Amino acid sequence: MAYVAVSGGKEAIEESIKLLDYYRSGTIKDIEIEAIENKLSLLVDRVMSEAGLYSKTYAALALKQCEGSIEEAVFLLRAYRSTLTRNYYTNIVDTDGMRVVRRISAAFKDIAGGQILGATYDYTHRLINFDIDKEDPVELQREMQKKLSQQAPEEIVLCPRVSGVLKAEGIIDSYEQNDLQPFDVTEHMLEFPTGRSARLQTLSRADTGFVSGLAYSALRGFGQVHPTVGELRSGYVDLCVPYPLEGGESIYIGEILITEVECFNTADDTGQLKLAVGYGAVFGRNETKAIAMAVVDHELDNAGPYPAQNEEFVLMHGDSLEMNGFISHLKLPHYVTFQSKLDSVRKTRRAGSE
């Protein structure tokens, strides 16, 4: 698409950028990066997930820079990510060893390792707490630290997957470990049909609202499927990189917080019903995105006529950066193309009136 050059626009653009500082200058109070990281952690987690870069500090900084705009923050973080060197690839993360902080199942009441309710807004009254405006953050932290110190340390219990029990029964298909190199969507263009690794990467980085809308369309508007959350877990997983020298042990480099979901659906297997699994995993705490991703993952396996089952439609239109960028480009000058449309309309109207 061609654009008409705008002469004399440099000064106006520079002044426009200065106005952004004006909108951020409405109060002498400042928001520290640490405060954004911890007070708006769910927002920070969403930006990290859609940007594909796990850095709470940089995600918080990006949000502060762009007045809290999610799509702009993702743009900034993606742009910064593109400048980083890739020194290592981590080993495959085994989420069975996750240090779980929240784990629930909507399929079974009693599961091995137990259900861990953890922190969730699911059971709150959804009423605005006006007292938060007056709370003392120092006192709040002191109170929480006191409660934490009074808790007796518990032994970390590994939580086996709910799906593992069903696989043992033969109700869910089991597959041999696939040691093929995952497709890297950040280095290669998508080709259709895609491999599952490319699909899951793309969905994990996709816009949360887009993926949620697709999942909702499958639940209510098209197909009317009703999957069951077999297991939802949030927790910390270890990251390790191979030792540089041959024969050495892997090197632990840290841990990240992720949310992982497996959804169960019924499927027909040569006349016998079985369960099929949809999978979702995202950075941080973002349960809606992870569940929606699992729903869409299963729908793409079905490859049907509905929007959520169209692989090319789903994977090519959900990227937060590309989606918002293309919509934003409509604000740029389209003088030539619009004049062409206008001329066509005028010609047809004149021809119709003769």
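Values below: every heavy atom of this structure, side chains too, minus hydrogens, waters and symmetry copies. Here the structure is a predicted model, which means the values were calculated and not measured.
- Between T186 and S82, every side-chain heavy-atom pair lies at or beyond the 4.5 Å cut-off.
- The nearest pair of heavy atoms linking V162 to E231 is N-OE1, 2.9 Å.
- Contact check on R24 versus D21 returns a salt bridge, with a Lys/Arg side-chain nitrogen under 4.0 Å from an Asp/Glu carboxylate oxygen.
- The main-chain N or O of L214 is found under 3.5 Å from a side-chain atom of S217 such that the two form a donor-acceptor pair.
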- Message: With side chain to side chain contact (heavy atoms under 4.5 Å, CB included) as the criterion, how do D319 and R78 come out once you've worked through the C-alpha distance, each side chain's angles and the decisive distance to 0.1 Å?
- Response: CA-CA 12 Å; D319 185 86; R78 287 259 191 108; 3.0 Å; yes

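- Note on E14 versus K18: no salt bridge recorded, every NZ/NE/NH1/NH2 to OD/OE distance being 4.0 Å or above.
- When all heavy atoms are compared, the tightest approach of A294 to G280 is CB-N, 3.8 Å.
- When all heavy atoms are compared, the tightest approach of R81 to G52 is NE-O, 2.9 Å.
- Using a 4.5 Å cut-off on side-chain heavy atoms (C-beta onward), Y54 and L257 make contact.
- Between N91 and P242 there is a side-chain heavy-atom pair separated by less than 4.5 Å.
- Ring planes of Y58 and Y80: perpendicular class, angle over 60° (limits at 30 and 60°).
- Within the 4.5 Å cutoff, no side-chain heavy atoms of D238 are placed close to those of V93.
- A pairwise comparison of heavy atoms in A215 and V296 identifies N-CG2, 3.9 Å as the closest pair.
- With S344 contributing its side chain and S340 its backbone, the two residues share a donor-acceptor pair below 3.5 Å.
- Of the possible donor and acceptor atoms, one in the side chain of T348 sits under 3.5 Å from a partner among the backbone N and O of V345.
- No donor-acceptor distance shorter than 3.5 angstrom exists from the side chain of S204 to the backbone of V282, with no hydrogens or angles considered.
- Under the 3.5 Å distance criterion, the side-chain polar atoms of K64 are matched with a main-chain donor or acceptor of I31.
- Taking the six-membered ring for Trp and the full ring otherwise, the centers of H317 and F210 sit at least 6.0 Å from each other.
- Scanning all heavy atoms of the two residues, the minimum distance from L300 to N310 falls at CD2-C, 3.9 Å.
- When each of K289, R285, K56 is checked for a side chain to side chain donor-acceptor pair (under 3.5 Å) with D45, only K56 meets the rule.
- Formation of a donor-acceptor pair under 3.5 Å by the T337 side chain with backbone atoms of H334 is found in this model.
- Taking the side chain as every heavy atom from C-beta outward, N324 and E72 never approach each other to under 4.5 Å.
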- Report the C-alpha separation of E71 and D207 in whole Å, then their side-chain angles, then the decisive distance to 0.1 Å, and conclude whether the side chain to side chain contact (heavy atoms under 4.5 Å, CB included) test is met. CA-CA 9 Å; E71 60 268 21; D207 181 81; over 6 Å; no

- Could you go through the side chain to side chain donor-acceptor pair (under 3.5 Å) check for S49 and N286 one step at a time? CA-CA 9 Å; S49 176; N286 192 343; 5.4 Å; no

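- Scanning all heavy atoms of the two residues, the minimum distance from A59 to M48 falls at CB-CG, 3.7 Å.
- If you check the side chains of S105 and Q115, you find no donor sitting under 3.5 Å from an acceptor.
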- T259 and R102: CA distance, side-chain angles, deciding distance, side chain to side chain donor-acceptor pair (under 3.5 Å) verdict: CA-CA 9 Å; T259 299; R102 170 165 159 77; over 6 Å; no

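- Side-chain N or O atoms of E311 include none that pairs as donor or acceptor with a backbone N or O of P193 at under 3.5 Å.
- The backbone N or O of Y279 lies less than 3.5 Å from a partner atom in the side chain of D297, making a donor-acceptor pair.
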